[in-house]
Every structure is written in C-alpha cells, then in structure tokens.
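Worksheet: one structure, shown below.
Worth knowing before you read on, the calculation uses all heavy atoms, side chains too, and leaves out hydrogens, waters and symmetry mates. Naming convention: chains lettered A, B, ... in sequence-line order (proteins, then strands); numbering from 1 in each chain.
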Amino acid sequence: MTVRTRIAPSPTGAPHIGTAYIALFNRAFAKHHGGQFILRIEDTDQVRSTRESETAIFEALRWLGLDWDEGPDVGGDYGPYRQSERTDIYREHAAKLVASGHAYPCFCTSERLAAVRREQEASQQRIGYDGHCAALDPDEAARRVAGGEEHVIRLRTPHEGICKISDQFRGEIEIGWETVDDQILIKGDGFPTYHLANVVDDHLMEITHVIRGEEWISSAPKHLLLYEVFGWDAPVLAHLPLLRNPDKSKLSKRKNPTGILYYRQAGFLPKAIINYLGLMAYRPEGDLEIFDFETMVSTFDLGRVSLGGPIFDVQKLRALNGHYIRALTDTELLESLKSWLLHEDALLDVVRMAQPRLEQLADFMPMTAYLFADQVPLDPADIDQAGKESGRAAEWIQFVQWEFERLVCWQPDGIRGCFQSVAEREGVKFKQLLGVFFRVFSGRAVALPLFETLVWMGRDMALRRMQYAQDSLREAGIGLSGKALKRLEKSYQERYLEEGGKDG
RNA sequence: GCCGCGUUCGUCUAGGGGUCCAGGACGCCGCCCUUUCACGGCGGUAGCACGGGUUCGAAUCCCGUACGCGGUACCA
C-alpha cells in the first residue's frame with residue numbers, strides 16, 4: 001500500500017503558517033514512505049472562499065518548497081482536487097446514506113435552531129441538535145424534499161455508547177456518543193460540510209494517513225461513523241498539537257504574524273522556516289536542531305512528535321534564519337537578496353514611484369529604504385497627532401486592518417476604498433486619515449504613494465506594520481485596550497458589515 | 001456549562017524506572033576575540049505543575065487536583 005497524505009486548506013484569507021506546519025509533517029511522512037502528498041482545496045464555504053486566496057496558497061506553499069504530487073493546478077488521477085467541483089459526488093453519497101437510513105433530511109429553520117440553543121443554554125443542558133427531524137417518516141420527508149422544500153441532510157448518530165478513536169500520537173481516545181451532534185452533511189445551499197466532503201474525498205483519493213490539527217479530535221467520531229456507514233476503512237488518524245501565541249492561545253493574526261507571505265516579504269529563508277516549523281513538536285533525533293527537509297524525510301518518525309502546544313516564537317525563528325544566512329556564500333547571499341526583492345520586476349515598480357521625487361540618484365536608497373524593511377521606526381505620539389484628533393489613531397488603524405482583511409482584491413482601488421470607507425464612517429478627512437498611515441507604513445510623514453506601496457509590499461506585510469503600530473501606541477498608553485478592542489469590533493460589525501461586502 | 005486533549009528552564013525541546021542533584025538550542029547576564037557592532041568561543045542564569053500511589057528506586061508507570069488549550073456552527 002502506498003502512503004498517501006494530504007493538506008486540505010480552506011481558501012479563505014491569507015495563507016496561514018499553520019497550514020505550512022501541517023503540510024510539512026504530512027509531506028515529510030509521505031516522502032519518508034515513498035508515498036504521495038496531495039493538495040486539496042476545501043472550498044465548500046461558498047461565502048468565504050475566494051480564488052485569490054487559493055492562488056496565494058499555491059504561491060506560499062511553493063515558495064516554502066512544500067510541493068504536492070497531485071492538486072488542482074497540477075492534476076492527478078484522483079481529481080478534481082477542488083471540492084466545489086465535486087458537489088455531485090457528495091450529493092450522491094449523501095443520498096445513499098439517506099436511502100440506507102444513516103442520514104435524514106432536516107427542515108428546521110435557523111430560527112428554530114437558535115431558539116433550541118437558547119433554551120439549552122438557559123437550562124445548562126448540552127448544546128446540540130434536538131433530533132426534531134430525525135423522527136420524521138422517511139416517505140413523508142422524501143415527499144417534502146421532492147416538493148422543493150428547503151432542507152439540509154443530517155447524519156444520524158447514535159446517542160449512547162462510546163466511540164473509540166485510535167490516534168497515532170495519543171493512543172485510544174474515548175468520546176461518548178451522547179456528546180456527538182447529528183452533524184449536517186449537506187447544507188441548504190447544496191454544498192457539503194467539511195465532515196462529509198473530507199471523508200468522501202479522503203476515501204476516494206485513497207488517503208492512508210490523516211495528519212491534521214488537534215482541533216479535529218472532537219469531530220473524529222462523526223468521521224469514523226461516516227467511514228463505517230459507507231462501509232469503508234478509515235485512514236490512520238494523527239492529531240498534531242496546535243501552534244500557539246505567546247499567551248498560549250491558538251495562533252492568531254492578532255497576536256503573531258500568521259501570513260506565510262509576510263515571512264517572505266520580511267526576508268525569511270524558506271529553509272529556515274521549514275527547519276523552524278519542523279522544530280515545533282518534533283526533533284529528528286536527540287538534540288539535533290539544525291536540519292533540512294531531506295533529513296526530516298529520511299529520519300521521519302511519527303513516534304517522535306511531542307504533544308504540548310508549541311509557542312511560535314518569532315525571535316527564535318529570526319535567530320535560526322540568521323544562522324542560515326551566515327551559512328550562505330557571498331554570491332549565494334547576493335542571489336537570495338535578488339530573488340527576495342532586489343530583482344528587476346520589484347525594483348522597476350519602486351523606480352517608477354520614486355522617479356518624480358528624485359533630484360539625485362543618491363536620494364533613491366534613503367527614499368525607498370522603508371519598503372525593504374520589516375519594522376520601521378515609529379513615533380507613537382506623532383502617529384496620534386497626524387490625524388489631528390488625539391486618541392483616535394488606534395481606532396482608525398484597527399478599522400482599516402479589518403477592511404484590509406476583508407478586501408478581496410489587493411489592488412490600489414480596493415485599498416483606496418478601504419480608507420475611504422473608514423474616513424466616511426469615522427467622520428475624518430481622507431487626507432488626515434492618510435497622514436496617520438504614511439507614518440504607520442513608512443515611519444515618516446512623507447513617503448511614496450500609499451496605495452501603490454501597499455500593493456507592492458503585500459497585504460501580509462501591511463497588516464504586520466499596522467500591528468507594529470498598534471503595539472507601539474499601546475506601549476505609549478494611547479493604544480487600544482482589550483476591552484476597547486471588543487467594543488470596536490462590535491461597532492465595526494454594526495457599521496461596516498451590514499452594508500454588504502466590499503471588493504476591489 | 002459539557003466533552004476531549006495536554007503539562008520538563010521565559011520559549012522550543014532531549015529524556016521512554018536507576019548512568020538525571022535533568023542535557024541541548026533561543027533569550028538573558030558575564031568574560032574572551034575585536035577600532036564599533038555583529039559573528040565566533042567560553043562560562044553563568046533558569047525547569048520535571050501539585051498531591052497521592054506502584055517500586056529497592058520515578059521526570060519517566062497509575063490515580064486525583066490545578067492550570068492551559070481545543071471543540072461544542074447550514075466555518076473549516
């Protein structure tokens with residue numbers, strides 16, 4: 001049997017460093033056994049998935065050298081590798097389960113579901129679907145479905161007994177069936193949920209080992225049940241510990257840079273990142289810390305994975321990166337710098353932005369230096385005053401952060417739209433608002449055109465600089481407290497999100 | 001709340017009953033090298049969450065407690 005593993009990211013937002021971490025272990029394991037590593041795009045969430053994000057995932061994983069043997073862009077014998085192109089398959093499989101009685105149509109409205117949950121919360125009961133439609137007569141249910149009534153398909157789960165999950169790292173995990181909900185398999189829009197799509201695809205794509213994040217342990221019973229009712233063998237399950245923020249919470253962009261493309265823009269070398277990610281929860285042997293992917297492949301052993309949630313420490317990554325930079329020859333370093341940002345394509349854009357402002361060629365480097373930096377020097381008091389409304393800069397930066405995260409197409413017009421939308425809603429002059437941001441992104445009051453430079457540096461780096469600014473404001477005592485942030489988030493949702501999404 | 005997973009220096013980890021008064025790396029501190037800084041070298045700082053067992057012997061096995069994290073969606 002050939003070992004086949006996969007990474008199955010959801011194309012929503014910026015490619016996440018956690019995806020690379022899981023991908024690394026899957027790829028290393030597959031390659032160790034001479035097997036295949038597959039990339040599958042889980043775009044079953046029609047609302048949040050975008051093609052831009054998918055493309056960025058390809059780009060980010062390739063940059064790290066985490067190539068795949070089969071995937072949407074390279075093909076393979078088990079395609080299509082995009083779940084949105086496999087909906088018929090899921091519907092057929094769901095229909096089989098309905099026919100065999102293992103699943104049933106559910107006609108409950110979201111209002112009723114919400115009411116049920118409120119009641120369960122109030123009476124401190126276990127939260128979950130109450131099985132309202134499970135008892136429906138199958139023939140009648142079939143008639144209602146045929147009549148075009150809106151419905152979802154739910155999995156019929158047992159309500160007693162114990163589900164034993166064999167986890168490659170943890171041994172046997174026992175979860176009582178009474179804690180498992182009648183999971184929705186097919187949503188109202190006809191798309192499958194992760195649970196169904198994932199099981200069907202892993203089986204059809206002949207995935208032998210599912211190495212995924214620990215957040216999936218509690219839904220493993222549903223997956224195992226699906227394998228069982230389909231009459232399939234389940235793959236080996238192995239749940240990796242989640243990467244954490246310094247405060248131990250699950251790695252999040254608010255507290256840590258999580259965008260892979262940020263690390264590229266900031267000048268980290270792929271092999272340093274791979275090495276560092278490999279160090280999270282793993283050590284090839286004894287005290288060995290410096291190793292490349294090939295070493296990881298040749299020595300890979302699932303038994304050496306440690307289970308405590310590792311904190312992603314950028315400082316140590318930086319030290320490791322420095323080690324790799326020093327190991328380069330001078331010409332190799334030069335090549336690295338070139339392929340980083342000192343290549344013609346990138347420089348030509350910078351030259352175009354700088355030209356109207358240049359009086360001497362010697363002005364070029366100082367004028368553009370901030371583009372090639374990670375962090376720029378920030379003066380919190382100056383940032384705050386730039387908006388001419390003391391104390392509001394932190395809020396504006398936060399609103400723009402949220403607008404940036406939501407922006408589909410990272411181009412000048414869309415970026416301008418984000419600023420405009422914040423200027424309008426916050427009642428601040430566009431020019432004043434931008435004054436704040438020139439300082440945030442360049443560390444100066446005067447710089448190259450803002451929207452173009454943002455496109456040039458990329459969304460992840462833009463977000464990172466805003467985070468640096470927030471940190472600096474907070475340190476100066478004019479930033480957002482946790483409480484203020486919560487309030488702001490609510491305000492954002494009410495005033496920005498109600499009027500429909502934005503795109504560029 | 002309920003369910004599950006986890007717990008060795010500040011951080012990443014080695015360790016899988018005696019060789020551990022716990023080893024390495026990052027960080028931090030000191031010294032050396034050095035026109036500065038960095039690199040490099042040397043030294044130091046700091047940890048087995050707690051309480052019970054099992055055992056001649058426990059960081060290592062078992063139980064409980066505490067704490068952390070995850071899940072509890074028509075998100076993945």
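Contact annotation for A:Thr44: backbone-only contact, meaning every heavy-atom pair under 4.0 Å involves sugar-phosphate atoms and none involves a base. Across all strands, A:Arg117 comes closer than 4.0 Å only to sugar-phosphate atoms, never to a base (heavy-atom distances). Nucleic acid contact for A:Arg48: base, since at least one base atom lies under 4.0 Å from a heavy atom of the residue. Across all strands, A:Arg212 comes closer than 4.0 Å to no nucleic acid atom at all (heavy-atom distances). A:Cys163 comes within contact range of no nucleotide atom at all, as no heavy-atom separation falls under 4.0 Å. At a threshold of 4.0 angstrom between heavy atoms, the contacts of A:Glu42 are confined to the sugar-phosphate backbone, with no base atom among them. Across all strands shown, A:Glu174 has heavy atoms under 4.0 Å from sugar-phosphate atoms exclusively, and none from any base. Counting non-hydrogen atoms under 4.0 angstrom, A:Gly188 reaches a base of the nucleic acid.
Pairing partner, B:C56: B:G18, with both Watson-Crick or wobble hydrogen-bond distances short of 3.5 Å. If you check B:C42 for Watson-Crick or wobble pairing at under 3.5 angstrom, you find it paired to B:G30. Figure legend. B:U35 is base-paired to no nucleotide; pairs are counted as Watson-Crick or G-U wobble with both atom distances under 3.5 Å. The partner of B:C67, taking Watson-Crick or G-U wobble pairs whose two distances both stay under 3.5 Å, is B:G6. Using N1 to N3 plus N6-O4 or O6-N4 for Watson-Crick, or N1-O2 and O6-N3 for G-U wobble, each under 3.5 Å, B:G1 pairs with B:U72.
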Original post:
Passes ring-ring contact (aromatic ring centres under 6.0 Å, His included), A:His223 versus A:Tyr194? Steps please.
Top reply: CA-CA 10 Å; A:His223 306 156; A:Tyr194 167 85; 5.8 Å; yes
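With A:Tyr21 as reference, A:Leu243 is the one residue of A:Leu243, A:Leu251, A:Ile7 to meet the side chain to side chain contact (heavy atoms under 4.5 Å, CB included) rule.
A:Ile290 approaches A:His323 most closely through the heavy-atom pair CG2-NE2, 3.8 Å. Shortest non-hydrogen contact noted between A:Leu261 and A:Ala60 is CD1-CB, 3.8 Å.
Donor-acceptor pairing under 3.5 Å, judged by distance alone, is present between the side chain of A:Glu289 and the base of B:G24.
Take the nearest nucleotide of RNA chain B for A:Ala319 and for A:Arg170: the residue whose nucleotide is more 5' is A:Arg170. Each of A:Arg244 and A:Arg326 was assigned the nucleotide of RNA chain B with the nearest heavy atom; the assignment lying further toward the 5' end belongs to A:Arg326.
At the phosphate of B:U7, neither OP1 nor OP2 sits under 4.0 Å from any side-chain N or O atom of A:Lys248. Here A:Lys316 does not reach the OP1 or OP2 of B:U13: none of its side-chain N or O atoms lies under 4.0 Å away. A close approach under 4.0 Å does occur between a side-chain nitrogen or oxygen of A:Lys187 and OP1 or OP2 of B:A76. Side-chain N/O atoms of A:Arg304 include one lying less than 4.0 angstrom from OP1 or OP2 on B:G15. One finds a side-chain N or O of A:Ser306 lying less than 4.0 angstrom from the OP1 or OP2 phosphate oxygen of B:U13. Between A:Thr179 and the phosphate of B:U72, there is no side-chain N or O to OP1/OP2 separation shorter than 4.0 Å.
A centroid separation of less than 6.0 Å is found between the aromatic rings of A:Trp410 and A:Phe404.
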